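So the structure is just underneath, and the comments pick up after that.
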Number of protein chains: 2
Amino acid sequence: MPHKKTKTLKPTADAVEILRRRTYAGKPARMKNLEEARTNEEIARKIQELRTAAALTQTQLARLIGTTASVICRLEDADYEGHSLAMLRRIAGALNQRVEIRFVPIRRSA
Amino acid sequence: MPHKKTKTLKPTADAVEILRRRTYAGKPARMKNLEEARTNEEIARKIQELRTAAALTQTQLARLIGTTASVICRLEDADYEGHSLAMLRRIAGALNQRVEIRFVPIRRSA
DNA sequence: TTGCCATTTCGCAATATTGCGAATAGACTG
DNA sequence: CAGTCTATTCGCAATATTGCGAAATGGCAA
């Protein structure tokens, strides 16, 4: 997924273009990555937490959602970056939970 | 993604197996689908809402996250079922938001 | 009407995620 | 020690999602 395109900027009056540059220009991209890493870690922990709270082994949870233990293990890996809404829903459903998704505004620096 | 396996049940003492049957047996599966459909609809609407609130066209938002207008259009389609965490994050990031994911317990029947 | 912009739909290639078995390691027990 | 269960890692096939252009549609204004 290419995200690096810092070619030499040329002048523009396009407000959207300006916003795009401001957003992807400096550190924000890196911060965004860190933020995502944190989130992935939290998701992994949360899955493990819910599973153990339900007193299930990886194999048992896997059977509940129709997959295998290795898949569950992968999901509980803090470094895993491939979390999908579909999978989170399957996990949640098996554990009598639902996935709630919210867009929350970011406080723009200080 | 196969989810229908209502083969004739055979007796079991496995608690996990019992739970699995109870979860996927009757209507819950269908209710779960409805619940997901509602959620997808909400996500689609939310994306459109955020985009228009930011006074952006689909083309402009597409440029912000490095894709095309047709993709944005697809995301804003209430019937679209392919929402991914990755894409939601890209949208959110471009609009100064972050995606918050929570597992919330479901009140079991009545 | 024409022209322009935004949106929508379609098809297919490219990439990402899942499915799944096998093999390994760790912990615990008899 | 062997035996068992859990967790983890690896590789590759299968499926799902995205990328992207082309074409069609709708709205709006000159």
Side-chain angles (χ1 to χ4, degrees), chain A residues 1-5 14-17 20 33 36-37 39-41 43-94 99 101, chain B residues 1-5 13-17 20 33 36-37 39-41 43-45 47-94 99 101:
Chain A
M1 225 176 294
H3 257 308
K4 34 194 61 175
K5 241 192 180 180
D14 186 338
V16 173
E17 177 64 15
R20 190 184 67 78
N33 288 341
E36 284 185 15
T39 303
N40 287 331
E41 208 175 309
I43 292 177
R45 275 206 317 257
K46 190 62 183 176
I47 291 176
Q48 186 174 31
E49 176 189 321
L50 288 176
R51 175 177 64 80
T52 54
L56 297 175
T57 67
Q58 291 178 338
T59 302
Q60 289 172 326
L61 176 55
R63 284 211 52 185
L64 282 176
I65 66 173
T67 185
T68 60
S70 60
V71 172
I72 302 298
C73 179
R74 192 161 50 192
L75 297 178
E76 293 182 357
D77 179 351
D79 292 334
Y80 183 61
E81 297 179 349
H83 292 292
S84 78
L85 203 40
M87 182 60 88
L88 295 184
R89 280 171 172 165
R90 287 165 65 189
I91 300 285
V99 178
I101 293 176
Chain B
M1 224 173 294
H3 257 307
K4 32 193 63 176
K5 239 191 182 182
D14 186 336
V16 172
E17 178 64 13
R20 190 185 67 78
N33 288 341
E36 284 184 15
T39 303
N40 287 332
E41 207 175 310
I43 293 176
R45 273 207 317 257
I47 291 176
Q48 187 174 31
E49 176 189 322
L50 288 177
R51 176 178 63 82
T52 55
L56 296 176
T57 66
Q58 291 178 338
T59 302
Q60 289 171 326
L61 175 56
R63 283 211 52 184
L64 282 176
I65 67 173
T67 184
T68 60
S70 60
V71 172
I72 302 299
C73 178
R74 193 160 49 193
L75 297 179
E76 293 181 357
D77 179 352
D79 293 334
Y80 183 59
E81 297 180 351
H83 291 293
S84 78
L85 202 41
M87 182 60 88
L88 295 184
R89 280 170 172 166
R90 287 164 65 190
I91 300 285
V99 178
I101 293 175

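Below, each value reflects all heavy atoms present in this structure, side chains not excepted, and no hydrogens, waters or symmetry copies. Here the structure is a predicted model, which means the values were calculated and not measured. Each chain gets a letter, A, B and so on, in the order the sequences are listed, and its residues count up from 1.
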Check the distance between [N]'s [atom2] and [X]'s [atom1] and give it to me in whole angstrom.
X: A:Ile43; N: C:dT17; atom1: CD1; atom2: P; value: 12 Å
X: B:Gln58; N: C:dA6; atom1: CD; atom2: C1'; value: 7 Å
X: A:His83; N: C:dT18; atom1: NE2; atom2: P; value: 9 Å
X: A:Met87; N: D:dA16; atom1: CE; atom2: P; value: 12 Å
X: A:Gln60; N: D:dT6; atom1: CD; atom2: P; value: 6 Å
X: A:Asp79; N: D:dT8; atom1: CG; atom2: C1'; value: 13 Å
X: B:Leu64; N: D:dG19; atom1: CG; atom2: P; value: 14 Å
X: B:Leu61; N: D:dT18; atom1: CG; atom2: C1'; value: 15 Å

Rounded to the nearest 0.5 Å, what separates atom CD in A:Glu81 from atom CD in A:Glu36? 8.0 Å
What verdict does the side-chain contact (heavy atoms from CB on, under 4.5 Å) test give for A:Tyr80 and A:Leu75, after you've listed the backbone C-alpha separation in whole Å, the side-chain angles of each residue and the deciding distance to 0.1 Å? CA-CA 7 Å; A:Tyr80 183 61; A:Leu75 297 178; 3.8 Å; yes
Between A:Ala69 and B:Leu88, which residue's closest nucleotide on DNA chain D lies nearer the 5′ terminus?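 It is A:Ala69, whose closest nucleotide lies nearer the 5' terminus.
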Would you indicate, yes or no, if [N] has its OP1 or OP2 atom less than 4.0 angstrom from a side-chain nitrogen or oxygen of [X]?
X: A:Tyr80; N: D:dT8; answer: no
X: A:Ser84; N: C:dT18; answer: yes
X: A:Arg90; N: C:dT17; answer: no
X: B:Arg51; N: C:dT7; answer: yes

Got [X] and [Y] here, is their nearest side-chain heavy-atom distance under 4.5 Å?
X: B:Ile101; Y: A:His83; value: no
X: A:Met87; Y: A:Ile65; value: yes
X: B:Val71; Y: B:Gln58; value: no
X: A:Thr39; Y: B:Leu85; value: no
X: B:Leu61; Y: B:Leu64; value: yes

With the sugar-phosphate defined as primed atoms, P, OP1 and OP2, and the base as all remaining atoms, what B/S/- string results for nucleotides 25-30 of chain C, 5' to 3', for protein heavy atoms under 4.0 Å? ------
In the 5'-to-3' direction, what one-character label does each nucleotide of nucleotides 20-30 of chain D receive under the scheme B = base within less than 4.0 Å of a protein heavy atom, S = sugar-phosphate only, - = no such atom? BB---------
Sidechain-backbone polar pair: A:Thr57 side chain, A:Gln60 backbone, donor-acceptor under 3.5 Å: yes
Salt-bridge contact A:Arg45-A:Glu76 (side-chain N to carboxylate O under 4.0 Å): no
